[in-house]
Amino acid sequence: SSPAATLSFSKARWFVPIESTRRRRGAARIRCRLAAMTRGTRISRSTPPLRGLYPLVDVTTLDAAGLDAVDVASAFLAAQPALLQLRAKHVDESRFRALLAAIAPRCAAVGVPLVVNDRPDLAEEFGAPFVHVGQGDASLKDVRRRYPGLRVGVSTHTEEQAEAALLLRPDYLAFGPVYATSTKENAEPAVGLERLAKVAERSESLGIPLCAIGGIDARKFPYVAKHAPLIALVGALVGETPAECTERARQFSLMLERP
C-alpha cells in the first residue's frame, strides 16, 4: 500500500469518545438504522467456523487503481463472500466514516459480516460485527474488554505469534503473508506453505478458523486452500472495473468449491 498517509490513528484515539453533540446525534441515528438492518446478521460466538473467500476493500490499493471503494465493496458483495473487510489505513476520519456509512448497510442487506480494520470504536458505532487487529494494535484482551459485542480477528506473522494468539481464542486467526506481497506497507517476510500447514493443524485442533493472507494469486490459491478454510485477497481481486472485481471474486469462490 502507498505511504501517502494523511492521518494515522493511534491506539489512544480508538477509545476517545466523540465530543461533538452533532456527531453524537448523527451517530445515534446511524446506529438505529443499522441496528434495524443488521438484526439477525450479527454472528454469535457459536457460529460454525468461517469458510470461504474474504475480500479486503483496501482503500489505498483502490485509489491507486482509480476505483471507488464503495463500488468495489458492492462488487465483492455480489459474489457472496464469507466476510468483507474495510481497510482504510491512510484516509482521514471523515472519509473513513463516510465509507463505513455507505458499506455497512450494503453488507447488512446481503448478510455478509463486515470487518473493520484497526478501529473497534468505529466497528461498534457502525454496527459491524467484526474488527481486525494487528500485532501493533490494541490487544485482543483490551478490545474484548472495551467492546464485548465485537468479534475479533488477529493478524500473526510467526508461529510464535500464532500460538500466543490462539491461546486467547480469537474469532479467527490470520497468518501471513503466505507469499511476498506489495499491498501492505513494510510487510513481514513470507511464511510459506510449510509454516501455514503447521499453524493450520494447530488452529484446527482448537476449532479456530484460520485465514491465509498475503501474495495469493490464482496460481497459488489452490495450494493455500488445502490448508486454510478462509482466504483473504486484496490485489488479486482488483480488476479494471467493479464488474471485473465481481467476476474475479466469483472465480476464486468457485475454486474453493471444487473438490
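In this text the structure is predicted, and so the values were computed from the model without any measurement. Values reported hereafter were calculated over all heavy atoms of this structure, with side chains retained and with hydrogens, waters and symmetry mates removed.
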L168 CG to L140 CG distance, which is reported to the nearest 0.5 Å: 5.5 Å
Residues forming a ring pair (Phe, Tyr, Trp, His ring centres under 6.0 Å) with F221, sequence neighbours excluded: F252
Sidechain-backbone polar pair: T156 side chain, A174 backbone, donor-acceptor under 3.5 Å: yes
Can you give the donor-acceptor pairs under 3.5 Å from side chains of residues 68-85 to other protein atoms, not counting sequence neighbours?
unit_1, atom_1, unit_2, atom_2, d
D68, OD2, V70, N, 3.1
D68, OD2, D71, N, 2.9
S74, OG, V70, O, 3.2
S74, OG, R106, NE, 3.1
Q85, OE1, N117, ND2, 2.8
Q85, NE2, Y54, OH, 2.8

Donor-acceptor under 3.5 Å (E125 side chain, D121 main chain): no
Sidechain-backbone polar pair: D171 side chain, V152 backbone, donor-acceptor under 3.5 Å: yes
Evaluation steps, side-chain contact (heavy atoms from CB on, under 4.5 Å), between R97 and L122: CA-CA 8 Å; R97 289 175 173 276; L122 294 185; 3.6 Å; yes
Partner of L210 under side chain to side chain contact (heavy atoms under 4.5 Å, CB included), chosen from L166, L196, L230: L196
pair I213-L56: side-chain heavy atoms closer than 4.5 Å: yes
Pairs satisfying side chain to side chain donor-acceptor pair (under 3.5 Å), at least one member in residues 192-208, at least two apart: E163-R202
Using distance only, find each side-chain donor-acceptor pair of residues 231-239 under 3.5 Å and give its atom names and separation, not counting sequence neighbours.
none

Within residues 222-250 or reaching into it, pairs that qualify as side chain to side chain donor-acceptor pair (under 3.5 Å) - sequence neighbours excluded: E244-R248, E247-Q251
Path from I216 to L254 over hydrophobic side-chain contacts below 4.5 Å: no
Salt-bridge criterion met for R145 and D142 (N-O under 4.0 Å): yes
Pair F130-L50, side-chain contact (heavy atoms from CB on, under 4.5 Å): steps then yes or no: CA-CA 12 Å; F130 283 80; L50 296 164; 4.0 Å; yes
V154 vs Q135 side-chain heavy atoms within contact, under 4.5 Å: yes
Any side-chain heavy-atom pair of Q161 and V199 under 4.5 Å: no
Set of residues satisfying side-chain hydrogen bond (donor to acceptor under 3.5 Å, both in side chains) with respect to D217, sequence neighbours excluded: none
R95 side-chain N/O to A88 backbone N/O, donor-acceptor pair under 3.5 Å: no
